[in-house]
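Notes for the one structure printed next.
Lettering of chains follows the sequences in order, A, B, ..., and the numbering in each one begins at 1. Only this structure's heavy atoms are used, side chains among them; waters, hydrogens and symmetry mates stay out. Keep in mind the model is a prediction, meaning the values are calculated, not measured.
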Amino acid sequence: MKVLDPKFIRQNPDVVKQAIANKGEKADVDGFLAADEKRREIISTVEKLKAERNTVTAEIAKLKKGGQNADEMIAKMRAVGDEIANYDKKLQEVEAEINNLLLWMPNMPHSSVPVGKTDADNVEVKKWGEIKTFDFKPRSHWEIGEMIGGLDIKHGATVSGSGFYFLTGPGARLERALINFMLDLHTLKHGYTEVMVPYIVGPNAMRGTGQIPKLAEDMYHIEKEDLYLIPTAEVSLTNMFAEEILQPDSLPKKICAFSPCFRREAGSYGKENRGIVRVHQFHKVEMVKIVEPDSSYDELEKLVGNAEAVLQALGLPYRVRILCTGDLSFAAAKCYDLELYAPGMDAWLEVSSCSNFEDFQARRMNLRYRTEKGGKTAFPHTLNGSGLALPRTMAGILENYQTKSGEVIIPEPLRPYMGGLEVLKG
RNA sequence: GGAGAGGUGGCCGAGUGGCCGAAGGCAGCUGCCUGCUAAGCAGUUAAUCGGGUAAAACCGGUUCUAGGGUUCGAAUCCCUACCUCUCCGCCA
């Protein structure tokens, strides 16, 4: 189980250290280098011993076959065997140490990613749509949502605690319409294959996409079975082909899925928590691509376009920001955030995050492909992007399309999904 | 939950202690032949680690689900875990 290419770290320790610093991560490069050197030392010693054992053992076989005595050799090999066992044990320890260190190594940011520390250093690269003006004070989505009888936060807390909510009547229907609309767009127009995925996955999958060990605290974990609730369909989708060698003509793979997402959001209580913009369970439509390395940055741009298409169709103003190194997630090499404008909150809400992980996830999950028929294996690049997260999209619609009298106009493209309905009212 | 079977290379599938990195088939690749969307013949094709090289070649180690054990030596014997399949039961 690797993360960064060990050879790359060995040869470019300073590059790796700088990248870790830029990301604001802590990972022990020097510790890795020391352990790595120790590992190779042990390997060369133990391999010599094993080579010796292999030759002698073959001779023993020959002697025995000829009915001759081989007791002396056997006694000698017994000693060699013990020695080998000894070194093998040491080797195992060192490798365990190395693997652990590697699992905590973040991905390297791409050279086009701006260096920065926080959210404030992200760079806006695009703005789309006009921010609507209202002749009244626009209400927040939780206000307008309740007014139309579509949102019930109070009873969510009753049943499950804070961070959970009910969608009722028109709210539930609107969400279902949004899900179908998004899936149809991505499958029919953007060429993704729709997939229904498991919502509960094993530790290997979580490690594969990089949620654990680093982000383990944010995940819901079922102890009894050692299974996790997915924080995003990315985990199931990207891990779908883990440990496999894909044939060259099967790339690029473009798959998408709707799923619930579960996040503990540990330590994020406080402000920014009103309404449904930060909750423990929500729905999301997710797109995943598995592509050849050469094309991954082109594919990232297309992926962003696929997510943008949803916002544009819905007529929601948004901006696109490229995340700076410090805001970039552990596993990503480059990431764009799409944020829609919510006039009721007067805030930009992140509804999609589109990332290129390069070969980081592929290495972790040992996902490979053949570069050509009968050719060598290599790690493909993996990407994913939301298309989109439902609660914040819902918030965007409620706040942008509200009327003075407390109704909500349904965006045109959603109407066919709602039996032709045009307005939601209480 | 009960009973049974099984996990081998890109896939299928043989192999019960040394001559097995592993027969055979399929798929792939390379030639030959054939003049016709094909068939035939011959050869060839695992992954990974260490060393080596400008890169190869090359040398060596490991790997037959995983982990432990027996042995001079394990795909092959023993133990444990996990997974898959079949039958029965239960259940949306």
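Nucleotides B:G89 and B:C77, compared at atom C1', are 36 Å apart to the nearest Å. The separation of B:C20 from B:G15, taken at their C1' atoms, amounts to 9 Å, rounded to a whole angstrom. Taking atom P on both nucleotides, B:U44 is separated from B:C26 by 16 Å, rounded to a whole Å. Across the C1' atoms, B:G40 and B:U34 are found 9 Å apart, a figure rounded to whole Å. The P atoms of B:U65 and B:G7 are separated by 8 Å, rounded to the nearest whole Å. When the C1' atom is compared between B:A56 and B:G52, the two are found 11 Å apart, to the nearest whole Å. For B:A57 and B:G50, the P atoms lie 16 Å apart once the distance is rounded to whole Å. Rounded to whole Å, the separation between the P atoms of B:C59 and B:C64 comes to 23 Å.
The phosphate of B:U48 (OP1 or OP2) has a side-chain N or O of A:Thr377 nearer than 4.0 angstrom. For A:Arg78 and B:U71, the shortest distance from a side-chain N or O to OP1 or OP2 is not below 4.0 Å. One finds a side-chain N or O of A:Arg368 lying less than 4.0 angstrom from the OP1 or OP2 phosphate oxygen of B:U48.
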Which atom pairs, donor and acceptor, lie under 3.5 Å between side-chain atoms of residues 417-426 of chain A and protein residues at least two apart or in another chain?
from     : atom 1 : to       : atom 2 : distance (Å)
A:Tyr417 : OH     : A:Asp184 : OD2    : 2.7

Could you go through residues 304-314 of chain A and list every donor-acceptor pair under 3.5 Å that involves a side-chain atom there, pairing it with any protein atom two or more places apart or in another chain?
from     : atom 1 : to       : atom 2 : distance (Å)
A:Asn306 : OD1    : A:Tyr192 : OH     : 2.7
A:Asn306 : ND2    : A:Lys302 : O      : 3.4
A:Glu308 : OE1    : A:Lys126 : NZ     : 2.6
A:Glu308 : OE1    : A:Tyr318 : OH     : 2.4
A:Gln312 : NE2    : A:Tyr318 : OH     : 2.8

Could you run down the sub-3.5 Å N/O contacts of the protein with nucleotides 6-9 of chain B?
none

Show each protein N/O and nucleotides 57-63 of chain B N/O combination with a separation under 3.5 Å, one pair to a line.
from  : atom 1 : to      : atom 2 : distance (Å)
B:G60 : N2     : A:Glu47 : OE1    : 3.2
B:G60 : N2     : A:Glu47 : OE2    : 2.9
B:G61 : OP1    : A:Asn54 : ND2    : 2.9
B:U62 : OP2    : A:Asn54 : ND2    : 3.3

Listed pairs, N/O of protein and of nucleotides 68-70 of chain B, under 3.5 Å:
from  : atom 1 : to      : atom 2 : distance (Å)
B:G68 : OP1    : A:Gln92 : NE2    : 3.3

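A side-chain donor from one of A:Asn356 and A:Ser296 sits under 3.5 Å from a side-chain acceptor of the other. Donor-acceptor pairing under 3.5 Å is recorded for the side chains of A:Ser140 and A:Glu143. A donor and an acceptor atom, one from each side chain of A:Thr382 and A:Gln361, are located under 3.5 Å apart. Side-chain contact of A:Asp294 with A:His381: a donor-acceptor pair under 3.5 Å is absent, judged by distance alone.
Residues satisfying the salt bridge (charged side-chain N to carboxylate O under 4.0 Å, His left out) criterion with A:Lys214, sequence neighbours excluded, are A:Glu25. For A:Glu175, the salt bridge (charged side-chain N to carboxylate O under 4.0 Å, His left out) test picks out no residue, with sequence neighbours left out. With sequence neighbours left out, the side-chain contact (heavy atoms from CB on, under 4.5 Å) criterion links A:Glu412 to A:Arg415. Every residue was checked against the salt bridge (charged side-chain N to carboxylate O under 4.0 Å, His left out) condition with A:Glu301, not counting sequence neighbours, and none meets it.
Mapped onto RNA chain B by nearest heavy atom, A:Gly81 and A:Lys7 fall at different nucleotides, with A:Lys7 at the one closer to the 5' end. Residue order along RNA chain B, read from the 5' end via each residue's closest nucleotide, puts A:Lys64 first among A:Ser44 and A:Lys64.
In this structure, A:Lys253 forms a cation-pi arrangement with A:Phe241, its terminal cationic atom sitting closer than 6.0 Å to the ring centre and no more than 45° off the ring axis.
Distance CD (A:Glu37) to P (B:G50): 13 Å, rounded to an integer number of Å. Across the protein-nucleic acid pair, A:Asp36 atom CG and B:C49 atom P stand 12 Å apart, rounded to whole Å. Distance CG (A:Asn99) to P (B:C49): 12 Å, rounded to an integer number of Å. Taking atom OH of A:Tyr369 as the reference point, atom P of B:G28 lies 21 Å away to the nearest angstrom. Atom CG of A:Asn204 is separated from atom C1' of B:A66 by 11 Å (rounded to the nearest Å). To the nearest angstrom, C1' of B:C11 lies 14 Å from CG of A:Leu246. One can place CD of A:Glu95 at 11 Å from C1' of B:G50, the figure rounded to the nearest angstrom. Atom CD1 in A:Ile98 sits about 18 Å away from atom P in B:U48, given to the nearest Å.
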- [ ] Report the secondary structure of RNA chain B in dot-bracket form, marking unpaired bases with a dot and bases paired to a different strand with |, and treating Watson-Crick or G-U pairs with both distances under 3.5 Å as paired.
- [x] ((((((((.[[[..)..(.....]]]((((((.......))))))((((((......)))))).[[[[[..)....]]]]])))))))....
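The closest side-chain heavy-atom distance from A:Ile98 to A:Phe32 is below 4.5 Å.
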Open item on the list: Walk me through whether A:Asn107 and A:Arg364 qualify under side-chain contact (heavy atoms from CB on, under 4.5 Å).
Closed with: CA-CA 11 Å; A:Asn107 201 358; A:Arg364 285 189 161 230; over 6 Å; no
Open item on the list: Walk me through whether A:Arg176 and A:Asn180 qualify under side-chain contact (heavy atoms from CB on, under 4.5 Å).
Closed with: CA-CA 6 Å; A:Arg176 182 157 54 88; A:Asn180 283 330; 4.1 Å; yes
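At the heavy-atom level, A:Lys62 lies nowhere under 4.0 Å from the strands shown.
Note on residues 73-92 of chain A: pairs passing salt bridge (Lys or Arg N to Asp or Glu O under 4.0 Å), not counting sequence neighbours, are A:Lys50-A:Asp88. Residues in residues 92-117 of chain A take part in these salt bridge (Lys or Arg N to Asp or Glu O under 4.0 Å) pairs, two or more places apart or across chains: A:Arg39-A:Glu95.
When distances are taken from the side chain of A:Ala61 to each of B:C72, B:A47, B:G18, the shortest belongs to B:G18. Here the side chain of A:Ile60 is nearest to one of B:G18, B:A47, B:G51, namely B:G18. Checking B:C49, B:U48, B:G18 against every side-chain atom of A:Arg39, the shortest atom distance belongs to B:C49.
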